[in-house]
Amino acid sequence: MKCNNEAVELMHKYLDGDITKEQEQTLSQHLESCDACQRHFHELKRTITFIQSAEQIKAPANFTATVMEKLPTEKKRIKYTRWFKAHPMLTAAAIFFVFMLSGMFSVWNQDSELVVSKQEDLVINGDTVIVPQDVTVDGDLLVKNGNLIINGTIDGNVTLINGKLIEEPIEGEGLMASVGEVNGELKHVDQVFEWIWYSIKQLFQSVFAL
Amino acid sequence: MDEMIRERIKQVKKGDQSAFEDVVSFFQNKIYQHCYRMLGNAHEAEDIAQEAFIRAYVNIHSFDDRRKFSTWLYRIATNLTIDRIRKRKPDHYLDAEVKGTEGLNMYSQLADNGRLPEEEVEGLELQRYIQQEIIQLPPKYRSIIMLRYIEEFSLQEISEILDIPLGTVKTRIHRGREALRKKLRHV
Ligand SMILES: [Zn+2]
């Protein structure tokens, strides 16, 4: 048996647990009669012990915290929502085009009739909507293509589209001015673009209220 | 511990980022040590070890739960260290070797102060010496020697971590052991 090839090869097989019974016997018989191989084998085993005794190295104290800080922060779904909120103009522009495609302009142009969201207890005089003194409107009121006179109370928001709130008495019509109160927000929408913006804001509120 | 890690990985996959903290905390010393021995200096080791955890987190969905997480993590870390070694410029490499001895100086200073019993100092110096000898092995032998004898992976697992055939792992571990035997025989 040649020391450098066969015997050393068997030593490594032994160290890797790959040795057969017969090979193990061959090796131990050789080691008994060969000092050089015995030394070699001893040195190999000692080397492994040395490697295993190598100093344990510890990570820096703040390692885990640093890694956690560097991780990408949120899930994609949350990121998209954030993007919309961070870029309202771009989002508005995108929604604007969707509105355009859905023919919003034509709807706006064709539709010039007076529209009132609530009719009960309200007086309609031509293109003017009047909330009488003793009437309380429970909830939001929308008036489109008409003016509004509030003498009573509105418990909600008022939106005026293409119209105005009459605050000064109209000549020849007696005391026709708003002296009542609105317990909410009063919004004027007079222009096409404002109408679009109003629509977008409404859409946003419904999207992000989810 | 394996069960704890398995559970945490499941949570991370469901989107619970905080569950990853336990994973990092559990493996940080092992992965840092592995990177340190592969790269030979603390600065690069920290950089690459952090990168390994971040990559593991980002790619967590490509990890197959039926396999061992540690094998997968070591694979990421080892590949990153090998990439880093390849990208080094020759002069940078020399720098790194010098930086690798910073810790040694610290321990020598400790020894000078005489605060440690003599035997312990000798033990530390020996450990440092062994460390230096391991670091000077060529990377392809070094990685295998470390994975086998320090991280205690089986040869089959090492073949998976390094993505090389089992036969190659055996050839390299033989050569690595012989190279270290020659360096450490006189100790
Ligand atoms: Zn022999």
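All of these numbers come straight from a predicted model, not from anything done at the bench. In what follows, every chain begins at residue 1, and chains take the letters A, B, ... in the order their sequences are listed.
Ionic pairing of B:Arg148 and A:Asp16 is not present here: no N-O contact between side-chain nitrogen and carboxylate oxygen is shorter than 4.0 angstrom.
We find the OH-OG1 distance between B:Tyr149 and A:Thr49 to be 10.0 Å, quoted to the nearest 0.5 Å. The line from CD1 of B:Ile130 to CD of A:Gln52 is 11.0 Å long, rounded to the nearest 0.5 Å.
Both the backbone and the side chain of B:Leu184 come within contact range of chain A, judged by heavy atoms closer than 4.5 Å. For B:Tyr57, the part lying near chain A is the side chain, with the backbone staying farther off; criterion is any non-hydrogen pair under 4.5 Å. Contact annotation for B:Ile54: both backbone and side-chain heavy atoms come within less than 4.5 Å of a heavy atom of chain A. Heavy atoms closer than 4.5 Å to chain A are found in the backbone of B:Ser18, but not in its side chain. Within the 4.5 angstrom heavy-atom criterion, no atom of B:Val23 approaches chain A. Both the backbone and the side chain of B:Ala49 come within contact range of chain A, with heavy atoms under 4.5 Å apart.
With chain A as partner, the option from B:His34, B:Lys182, B:Lys30, B:Gln28 having the largest number of non-hydrogen pairs under 4.5 angstrom is B:Gln28. Contact count against chain A (heavy-atom pairs under 4.5 Å) is highest for B:His174 among B:Lys170, B:Met146, B:His174. In terms of heavy-atom pairs under 4.5 Å with chain A, the best-connected choice from B:Arg185, B:Glu152, B:Arg177 is B:Arg177.
Residues B:Tyr32 and A:Pro60 share a closest heavy-atom pair of CE1-CD, 3.6 Å. Heavy-atom minimum distance, A:Gln56 versus B:Gln33: CA-OE1, 3.3 Å. B:Gln131 and A:Ala54 make their closest contact through OE1-CB, 4.4 Å (heavy atoms, listed as atom of the first residue, atom of the second, distance). Closest approach of A:Phe63 to B:Glu46, counting heavy atoms only: CE1-O, 4.0 Å. Shown here for A:Ala59 and B:Asn29, the closest heavy-atom pair between the two residues is N-OD1, 2.9 Å. Nearest heavy-atom pair across B:Ser25 and A:Thr64 is CA-OG1, 3.5 Å.
Side-chain contact annotation: A:His40 with B:Glu178, donor-acceptor N/O pair under 3.5 Å present.
With a 6.0 Å radius and a threshold of 12 heavy atoms from other residues, nucleotides or ligands, B:Asp83 has its CG atom above the threshold. Residue B:Lys13 places its NZ atom among more than 12 non-hydrogen atoms of other residues, nucleotides or ligands, all under 6.0 Å distant.
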### Task
Go through the steps to decide whether B:Arg37 and A:Ile57 satisfy the test side-chain contact (heavy atoms from CB on, under 4.5 Å), and finish with yes or no.
CA-CA 9 Å; B:Arg37 290 211 168 89; A:Ile57 301 166; 4.0 Å; yes

### Query
Under the side-chain contact (heavy atoms from CB on, under 4.5 Å) criterion, do A:His12 and B:Ile173 qualify, and how do the steps go?
CA-CA 9 Å; A:His12 285 285; B:Ile173 202 169; over 6 Å; no

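Partner B:Leu180 forms a side-chain contact (heavy atoms from CB on, under 4.5 Å) with one of A:Leu44, A:Ile51, A:Ile48 and no other, that one being A:Ile51. Each of B:Glu51, B:Glu21, B:Gln50 was scored for a side-chain contact (heavy atoms from CB on, under 4.5 Å) with A:Val67, with one residue passing: B:Gln50.
Under the 3.5 Å distance criterion, the side-chain polar atoms of A:Glu43 are left unmatched by any main-chain donor or acceptor of B:Arg181.
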